[in-house]
Amino acid sequence: MAAAPRPRSPFLGLLPLPERTAIAQALRTETVGGLVLLGAAVVALVWANTPWSDTYERIRDFHFGIPALGLDLSIGHWAADGLLTLFFLVAGIELKRELVVGELRTPATAALPVIAALSGMIVPAALYAITASAGGGSLDGWAVPMATDIAFALAVLAVLSTHLPAALRAFLLTLAVVDDLGGILVIAVFFTSDLNFAALGGAFAGLVVFYLLQRFRVRGWWWYAPLGLTIWALMYNGGVHATVAGVAMGLILRTTRDKDEDRSPGERTSYLLHPVSAGVAVPLFALFAAGVSVSAASLSDVFTRPEPLGVVLGLVLGKTVGIFAGTFLAARFTRARLNPELAWADVFALSSLAGIGFTVALLIGELAFPDPAAAGSVKAAVLIGSLTAAALAAMLIKRRNGVYRRLYEEENRDDDHDGIPDIYQVSATSER
C-alpha cells in the first residue's frame with residue numbers, strides 16, 4: 001500500500017499571533033523611520049544640487065573626535081561608522097530573535113526565506129559582475145546591489161497606502177534580516193583595511209565579557225554602554241568596519257525571557273534603540289551619503305558606465321528575478337503550499353519591492369569606491385535603481401491592492417473588541 005503524500009505546509013498563510021504581534025511592532029517603527037529616511041534623502045539630494053552645495057560638503061567633511069584614540073573622523077564617517085552601528089545592533093537583535101523564536105528557528109521554516117534571500121543576493125552580484133566585465137569596468141562593486149532596505153520599502157508601502165497582509169510583510173522583513181547579515185559579512189570579509197590584531201584581540205575580549213555579563217544575568221546599562229563603546233572603538237581601530245561590532249553585540253544579547261522578566265535584554269534594547277536607529281541614525285546617514293550632484297552628464301554615466309549600470313540592473317532585475325526564482329524553487333522542493341488567497345504574482349511584486357537597496361547599498365558603495373567621482377556615480381545608480389524598483393513594485397502592488405485590503409481587514413477584524421483578531425479565535429475553535 002502506497003504511503004500517503006506528505007501534507008504541503010502553508011506559505012504566506014496566517015502567522016501565529018505572537019509572531020504577528022512582534023512583527024507588527026517592528027514594522028510600525030520601520031515604517032515611520034522609513035518616511036523620515038525618505039525625507040532625509042530628498043533633503044540631501046536637493047541640498048547637494050543647490051548653490052549651497054559647498055556648505056553641504058563642508059559640513060559632511062568637517063572632522064572632529066579624539067585623535068589620540070584614532071577617532072578623528074568626518075561627520076560623514078561618524079554617520080557611516082558610528083550611527084549605523086545602532087542600525088546593525090538592532091538588525092543583529094532582530095536576526096537573533098528570528099533564529100530563536102521566529103521564522104528561522106527551525107530548518108523547515110527557515111529554508112524558504114533563507115534560500116530566497118540568498119538567491120536575491122547572488123543573482124544581483126552575478127549580474128553586476130557580468131555587466132562590469134562586459135564593459136571593461138571594475139568588479140569592486142559586486143556587493144552594492146545585494147541588500148534590501150526594509151525601511152525604504154515600508155515607506156513606499158506607506159506612501160501607497162497599501163494593505164499588505166501580515167505574512168507578506170513578515171516575509172519581506174525576514175528577507176531583509178538575512179540580507180543585512182549577508183551585507184555585514186561582506187563588509188567584514190571583503191572591506192577591511194590593514195588589520196591591527198592587538199585592537200581586534202581587545203574587541204574580541206570585550207565581546208567575551210559582553211557574553212559573560214549576559215550569561216550571568218548582569219543588568220544595568222552602565223555596564224553595557226561603556227563596554228559597547230569600547231568594543232566599537234577597538235573594532236574600528238582594528239581595521240574591521242565598526243558596524244560589525246553592532247551585529248556581534250546584537251547576536252549576543254539574550255532574546256528569551258526569564259521567569260521574572262517582562263522583556264528579555266534583547267527586547268528591551270530593541271525597544272529603546274529601534275526608534276533611535278530608524279528615526280535618527282539611518283536618516284542622518286542618508287543625509288550625508290545621498291547628497292549626489294545630479295546633472296545630465298552624471299545621469300548619462302549611470303547608463304553608459306559599466307559599474308553604475310551593473311548596480312541599476314542588479315537592483316531592478318537581479319533582486320526581482322533572484323528572490324522570485326529562489327522562492328518558487330524553494331517552495332517546489334520543500335513542498336510549501338502558497339496561500340490559496342494569494343498568487344505567485346504577489347511574490348513577484350514583493351520581489352521587485354526588495355530591489356530597493358538604499359542604506360547598506362550606499363555604505364558598500366562608499367567602501368568599494370573610495371574615489372569620490374566613482375562613488376558619486378555608484379550612489380546615483382543606487383538612487384535610480386531603488387526608485388525604479390519602487391515604481392515597478394508600486395504598479396504591481398496597486399494592481400492587487402483590492403485583494404490585500406480584503407485579507408488585511410479579515411486579519412484585523414475584532415468584532416468582540418477583546419484585542420485578539422477574530423480570525424485567530426475562529427482558527428482555535430475549528431482546531432478543537
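Computation of the quantities below employed the complete heavy-atom set of this structure, encompassing side-chain atoms and omitting hydrogens, waters and symmetry-equivalent molecules. Every value quoted in this text rests on a predicted model; they were computed, and no experiment measured them.
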State which residue, out of F191, F369, Y128, F190, fulfils the ring-ring contact (aromatic ring centres under 6.0 Å, His included) condition with W142.
F190

Kindly indicate whether the side chain of M121, heavy atoms from C-beta on, has any atom under 4.5 Å from the side chain of V186.
no

Do T304 and L309 have side-chain heavy atoms sitting under 4.5 Å apart?
no

Determine, stepwise, if the pair R254 / E261 fulfils salt bridge (charged side-chain N to carboxylate O under 4.0 Å, His left out).
CA-CA 12 Å; R254 183 166 50 84; E261 291 180 324; 3.0 Å; yes

I'd like to check T269 versus Y224 (side-chain heavy atoms, cut-off strictly below 4.5 Å). Are they in contact?
no

Got a donor-acceptor contact below 3.5 angstrom from the R268 side chain to the R263 backbone?
yes

I93 and its side-chain contact (heavy atoms from CB on, under 4.5 Å) partner, picked from V247, L253, L273
L253

Ignoring hydrogens and angles, tell me if any N or O in the side chain of S133 forms a donor-acceptor pair with the backbone of I130 under 3.5 Å.
no

Would a distance-only check, ignoring hydrogens and angles, find a side-chain to backbone donor-acceptor pair under 3.5 Å from E267 to S264?
yes

Donor-acceptor pair, R60 side chain versus I75 backbone, under 3.5 Å?
no

Ignoring hydrogens and angles, tell me if any N or O in the side chain of T50 forms a donor-acceptor pair with the backbone of W47 under 3.5 Å.
yes

Using a distance-only test with no angle check, is there a side-chain donor-acceptor pair under 3.5 angstrom linking S277 and H274?
no

Can you find a pair of side-chain heavy atoms, one from I323 and one from V347, that are under 4.5 Å apart?
no

Can you list the steps and then say if Y236 with V244 is a side chain to side chain contact (heavy atoms under 4.5 Å, CB included)?
CA-CA 9 Å; Y236 177 83; V244 175; over 6 Å; no

Residue pair F64 / W78, side-chain heavy-atom distance below 4.5 Å:
yes

Looking only at side chains, do S377 and D301 share a donor and an acceptor under 3.5 Å apart?
no

Taking the side chain as every heavy atom from C-beta outward, state whether F62 and I59 have any atom pair closer than 4.5 Å.
no

OG1 (T230) and CG (L234) are apart, to the nearest 0.5 Å, by 6.5 Å

Any side-chain heavy atom of F285 sitting closer than 4.5 Å to one from L363?
yes

Check whether any side-chain N or O of K319 sits under 3.5 Å from a backbone N or O of G355 as a donor-acceptor pair, and report yes or no.
no

Give a yes or no on this: more than 12 heavy atoms of other residues, nucleotides or ligands lie within 6.0 Å of atom CG of D54.
yes

Backbone N or O of G239 within a donor-acceptor pair of the N196 side chain at under 3.5 Å?
no

Quick check against the 3.5 Å criterion: does N237 have a side-chain atom that pairs as donor or acceptor with the backbone of L69?
yes

If we ignore hydrogens and angles and just use 3.5 Å, is the side chain of S138 paired with the main-chain N or O of D140 as donor and acceptor?
yes

Is there a side-chain contact between L350 and F324 in this structure, where contact means two heavy atoms from C-beta onward sitting under 4.5 Å apart?
no

Between K379 and A289 (side chain of the first, backbone of the second, donor and acceptor by atom type, cut-off under 3.5 Å), is there such a pair?
yes

Test side chain to side chain contact (heavy atoms under 4.5 Å, CB included) on T148 and I356 and set out the steps.
CA-CA 6 Å; T148 295; I356 301 174; 5.8 Å; no

D61-S74 side chain donor-acceptor pair, cut-off 3.5 Å:
no

When you look at CZ of R219, are more than 12 heavy atoms from neighbouring residues, nucleotides or ligands closer to it than 6.0 Å?
yes

List the steps and the verdict of side chain to side chain contact (heavy atoms under 4.5 Å, CB included) for T359 and L37.
CA-CA 9 Å; T359 305; L37 168 65; 4.2 Å; yes

To the closest 0.5 Å, what do you measure between CZ (R169) and CG (L154)?
6.5 Å

